[in-house]
Amino acid sequence: MANNEDLFKKITSHAKEYGFIFPSSEIYDGLGAVYDYAQNGVELKNNIKQYWWKSMTQMHDNIVGIDSAIFMHPKIWKASGHVDAFNDPLIDNKDSKKRYRADVLIEDYIAKLEDKVNKEVEKARKRFKDSFNEEQFLSTSQRVIEYNKEKEDVHNRYSKLMNDNDLAGLKSLIEELGIVCPISGTRNWTDVRQFNLMFSTKVGSVSDDSDVLYLRPETAQGIFVNYLNVQKTGRMKIPFGIAQIGKAFRNEIVARQFIFRMREFEQMEMEFFVRPTTEMKWFEYWKEERMNWHKSLGIPQEKYRFHDHEKLAHYANAATDIEFEFPFGFKELEGIHSRTDFDLKRHQEFSGKKIQYFDSETNESYTPYCVETSIGLDRTFLAIFSYAYKEEQLSDGSSRVVLNLPNILAPNKVSILPLVNKDGLPEKAHAIMDDVRKDFKAHYEEKDTIGKRYRRQDAIGTPFCVTVDNDTLKDNTVTIRSRSTMEQERIPIDNVKQYLRDNL
RNA sequence: GCGGAAGUAGCUCAUUUGGUAGAGCGAUAGCCUUCCAAGCUAUAGGUGGCGGGUUCGAGCCCCGUUUUCCGCUCCA
């Protein structure tokens, strides 16, 4: 465990030292849970995006992509359930340090009153046996009437407070009812605070409540609200999918573990629309398809596992996560959800627009069901980066740090190096560089000894180094060195690009 | 949000009871080098996280604040 913590620290500092990820606003002491992608990081990230995008839109003839705006009509988040489902009033007990939802505490209290009523009824039922009349008992028992009155009273006040968003009122109600923490048993509560999942902002130069917009907490809704447009203009036939890559924003209570949980992050989502009753078949299909995508990056199966959800979100009828074994344990990397027709139905209801599909095969109209694949781009970055990071002990007693990135994702594909910085070698190397860069992201370096330059390229994951020496000037051959094996072979300059094409 | 620990050069760390801040690595420039880090020379780089207090004098003591890490908490 301590070893893994140590490893994770090394990985995060490597990410900074070698230009992959910087803390946001670092010269101003940083901004919590926000990170910037640096010169090498942005290349790796873009390559991951492209790899995913192609696997979706190029390798499937029934998946198209869109890029919807981050700003969307505020009603969308009402329809999706985000406004109501993620506005929790939270309260902490200072003694047990436990956090509760204030509304749940009060609801529990009301439930206890209900239990008391039920107990009274049971007691009475035993006492009166066959002559027991429940209705009569409920309306005459003094105790039951009191309990019911308090229940109703508390419920009314509580509902009003929730509707008015009166946080101070919720706290005084909790105190007045004498609600104690189940753990510590004390009434030592903090103030009630509102937890808002979504960031809000205002549109227009003059602030007004009616102009509140949310920064989207997921990209999926941009797909759902464009479903009709895409289906019609693309003449899409079910089953078909819509893919999107984009930023999303969530106000996490605790955001930690580097880029694993950030307030601003990027998702790669694909919503696949299917005929109702076929959704479980497609759910299974996408589970397998997505796992294969991960494995295609050369990371072994044992680093991944499925984790099925026991408790389903309000929109889903099946859900699983693909988890990856990060240095800090198995954590969610991608979610695959069967979202039913929840989203399209809700948007039909809230927008008043008919969102239906006429299926010419079955000759009927229906609201399509939807299977979602939703992968965290930043988490994928972290998974690939941390798996690639290796400290190696070499046979000659020295060591090296190498990023064994999948070649297709590496920021630089090749580095062109003159063996020494004289004798016309730099000129020759520049000529090769100018040719290779037309087809591959290439890098040129003439400073320091060749060994140092190799190690620097190893540290940022460059798969190949091409070295120009004196023989090159005579016979137009160069050595090409592999990052993974550190072995090199001699090939004609004319074959360099073909070699790269064959080996990347 | 609570509790604990920490914050000195780009990185890793020194400065042993308060007396004007150093090293290694790295970086830059040059030299030397014909294939795998740690050869030579020179140079740059710190208002000691920030603010206040005590003191003749604070990196060191006190208070506040902020950031990071660890634990708890929360999480579609």
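Computed from heavy atoms alone, side chains included, the values below leave out hydrogens, waters and symmetry copies. Below, chains carry the letters A, B, ... as their sequence lines are ordered, and counting in each starts from 1. A quick note: this is a predicted structure, and the numbers were derived from the prediction, not measured.
- Closest to the side chain of A:K9, out of B:rG30, B:rC69, B:rU33, is B:rC69.
- Taking only side-chain nitrogens and oxygens, A:K422 comes nearer than 4.0 Å to OP1 or OP2 of B:rU33.
- If you take CG of A:D458 and C1' of B:rC35, they are 13 Å apart, rounded to a whole angstrom.
- Comparing the C1' positions of B:rA21 and B:rG46 gives a spacing of 8 Å, expressed to the nearest Å.
- A:E445 has its CD atom 12 Å from the C1' atom of B:rA27, to the nearest Å.
- Geometrically, A:R379 engages A:F260 in a cation-pi contact defined by less than 6.0 Å to the ring centre and at most 45° from the axis.
- In this structure the side chain of A:D321 never reaches within 4.5 angstrom of the side chain of A:F306, judged on heavy atoms.
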Base-pair map of RNA chain B as dot-bracket, where | denotes pairing with a different strand and pairs are Watson-Crick or G-U under 3.5 Å: (((((((..((((.....[..)))).(((((.......))))).....(((((..]....))))))))))))....

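- What separates NZ of A:K10 from P of B:rC69 is a distance of 18 Å, to the nearest Å.
- Among the nucleotides B:rC35, B:rC11, B:rU33, the one closest to the side chain of A:E17 is B:rC11.
- Here the separation of B:rA58 from B:rA44, taken at their P atoms, is 28 Å to the nearest Å.
- In this structure, A:R483 contributes its side chain and A:L405 its backbone to a donor-acceptor pair below 3.5 Å.
- For the pair A:I76 and A:F224, the minimum side-chain heavy-atom distance is 4.5 Å or more.
- B:rC70 and B:rC25 have their P atoms separated by 31 Å, given to the nearest Å.
- When the side-chain nitrogen and oxygen atoms of A:K452 are compared with OP1 and OP2 of B:rG26, one or more of them lie within a distance under 4.0 Å.
- Atom NZ of A:K447 is separated from atom C1' of B:rA29 by 7 Å (rounded to the nearest Å).
- Toward the 5' end of RNA chain B, the nearer of the two residues A:L419 and A:S13, judged by each one's closest nucleotide, is A:S13.
- Counting only distance, with no hydrogens or angles, the side chain of A:R455 and the backbone of A:S399 share a donor-acceptor pair below 3.5 Å.
- Atom pair A:F260:CZ and B:rU68:P shows a separation of 18 Å (rounding to whole Å applied).
- Taking atom CD of residue A:E446 and atom P of nucleotide B:rC32, one finds them 15 Å apart after rounding to whole Å.
- Nucleotides B:rG51 and B:rC56, compared at atom C1', are 23 Å apart to the nearest Å.
- The P atoms of B:rU16 and B:rG30 are separated by 40 Å, rounded to the nearest whole Å.
- The gap from the P atom of B:rG45 to that of B:rA23 amounts to 14 Å, rounded to the nearest Å.
- Contact annotation: A:K16 reaches the phosphate of B:rC11 (side-chain N/O to OP1 or OP2, under 4.0 Å).
- Here A:D435 pairs with A:K438, A:K497 under the salt bridge (Lys or Arg N to Asp or Glu O under 4.0 Å) rule; sequence neighbours left out.
- Distance from the side chain of A:R261 is smallest for B:rC75 among the nucleotides B:rC69, B:rC75, B:rC35.
- For the pair A:Y18 OH and B:rA37 C1', the interatomic distance rounds to 9 Å; values are reported in whole Å.
- With P as the reference atom, B:rU54 and B:rC62 are 15 Å apart, rounded to whole Å.
- Atom CZ of A:R456 is separated from atom P of B:rA37 by 13 Å (rounded to the nearest Å).
- With hydrogens and angles left out, the side chain of A:R453 and the base of B:rC36 share no donor-acceptor pair within 3.5 Å.
- Counting heavy atoms from C-beta on, the side chains of A:W52 and A:M270 come closer than 4.5 Å.
- Ring geometry for A:H294 against A:Y304 counts as tilted: the plane angle lies between 30° and 60°, on a 0 to 90° scale.
- For B:rC36, the base has a donor-acceptor partner in the side chain of A:R481 [N/O atoms by modelled type, under 3.5 angstrom].
- Checked against B:rG30, B:rA27, B:rU33, the side chain of A:V420 finds its nearest nucleotide in B:rU33.
- Separation of the P atoms belonging to B:rG26 and B:rG10 is 16 Å when rounded to the nearest angstrom.
- At a threshold of 4.5 Å between non-hydrogen side-chain atoms, the residues A:I223 and A:F273 count as touching.
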